[in-house]
Amino acid sequence: MYQPRRISRSQFIPLRGLEHHVRIWGDLSGTEQPIVMLHGWMDVGASFQFVVDALASGRPVIAPDWRGFGLTGSRGADNFWFPDYLADLDGLLDHYLADQPADIVGHSMGGNISMFFAGARPERIRRLVNLEGFGMARTQPEQAPARYAKWMDEIKSLHRGEQDLQTYQEASGVARRLMRTNPRLAQDKADWLATHWAAPTTRADGTSAWRILGDAAHKIVNANLYRVDEAIELYKSIQAPVLAVEAVDGVLQTWKKRGIQDDFVARLRLVPRLEFVQMSDAGHMMHHDRPHEVARLIEEFLSKD
């Protein structure tokens, strides 16, 4: 199994009525400001372990589990609203950084959250690294009736127990699932991630299993349509320098293969201070595929004046 070079510790902080789990590497009481790393959908803060190990500097890192993921609860929510993540991030930065502008690394959903947050609270971000957080495809108003109907149908399905996440007999089954989703993921990293991405539980029939640490309600479709015009205005309001990193086999290529045609890069280029790079030989989970390259890009970008 993968052996971490830097050992993390867990901390729980009360935030908006929930106990948010935060994974911390390094000493937060020192003079170096922490890097805030934000995970994506169906992931956990521990997912950044390989990148943290690859950092040349000893800067501390804090990586929260979003509500309903990892060890952060959801208070029984039967669906999740995107603006809640922004308010959670706002409280997290207040707790750990007070009024200091933050250096943020966001992957996928975490990248989307950090981009919206940086547009709404431009003074709170010093520099932002966006790993494959390119937003969603454009929607049209006429999609609204069907979307709301689907949302209500899926809420009912959840309460009937039809949306439960899959369980696995052993952690090795979770590791195989991770490797099936990401063929570039090495066995040792998959084995390590499996024990943080899932946890042992007891089924209703008394048998044991490994359960994914994610709330099934995250599978419910968003009731609200994705409004590209709003996203663009938020992007245009970002004052911090932004590094956007695309994987050559990442989400944009996946969507293109599915017939989703939208110019996500054109939106990104509306960010006033943007650098855009493409990483070769990497998929959407680039922080697992090429952690040393991701760490190098992060440190070079964050160290600029």
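Positions are given from 1, in the same order as the sequence printed here.
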Legend entry - Shortest non-hydrogen contact from Phe48 toward His39: CE1-N, 3.5 Å
Inset, instruction - Give the minimum heavy-atom separation between Pro291 and Ala54, together with the two atoms involved. - result: O-CB, 3.8 Å
Inset, instruction - Evaluate ring pair (Phe, Tyr, Trp, His ring centres under 6.0 Å) for Trp192 paired with Phe50, printing each intermediate quantity in order. - result: CA-CA 10 Å; Trp192 186 88; Phe50 314 131; 5.7 Å; yes
Determine the interplanar angle of the [X] and [Y] rings, folded into 0 to 90°, and report it as parallel if under 30°, tilted if 30 to 60°, perpendicular if over 60°.
{"X": "His287", "Y": "His107", "value": "tilted"}
{"X": "Trp255", "Y": "Phe264", "value": "tilted"}
{"X": "His21", "Y": "Phe12", "value": "tilted"}
{"X": "Phe69", "Y": "Trp41", "value": "perpendicular"}

Legend entry - is_close_aromatic(Tyr85, Phe117), centroid dist under 6.0 Å: no
Legend entry - Ring centroid separation Trp66 to Phe80 under 6.0 Å: no
Would [X] and [Y] pass as an ion pair if we require N to O under 4.0 Å?
{"X": "Asp103", "Y": "Arg126", "answer": "yes"}
{"X": "Arg184", "Y": "Asp249", "answer": "yes"}
{"X": "Asp78", "Y": "Lys156", "answer": "no"}
{"X": "Glu275", "Y": "Lys304", "answer": "yes"}
{"X": "Asp88", "Y": "Arg67", "answer": "yes"}

Legend entry - Between Glu19 and Thr72: side-chain donor-acceptor atoms closer than 3.5 Å: no
Inset, instruction - Please check if any side-chain donor atom of Asn79 sits under 3.5 Å from a side-chain acceptor atom of Trp151, or the reverse. - result: yes
Inset, instruction - Please round to the nearest 0.5 Å and tell me the distance separating atom OG of Ser8 and atom CZ of Arg23. - result: 4.0 Å
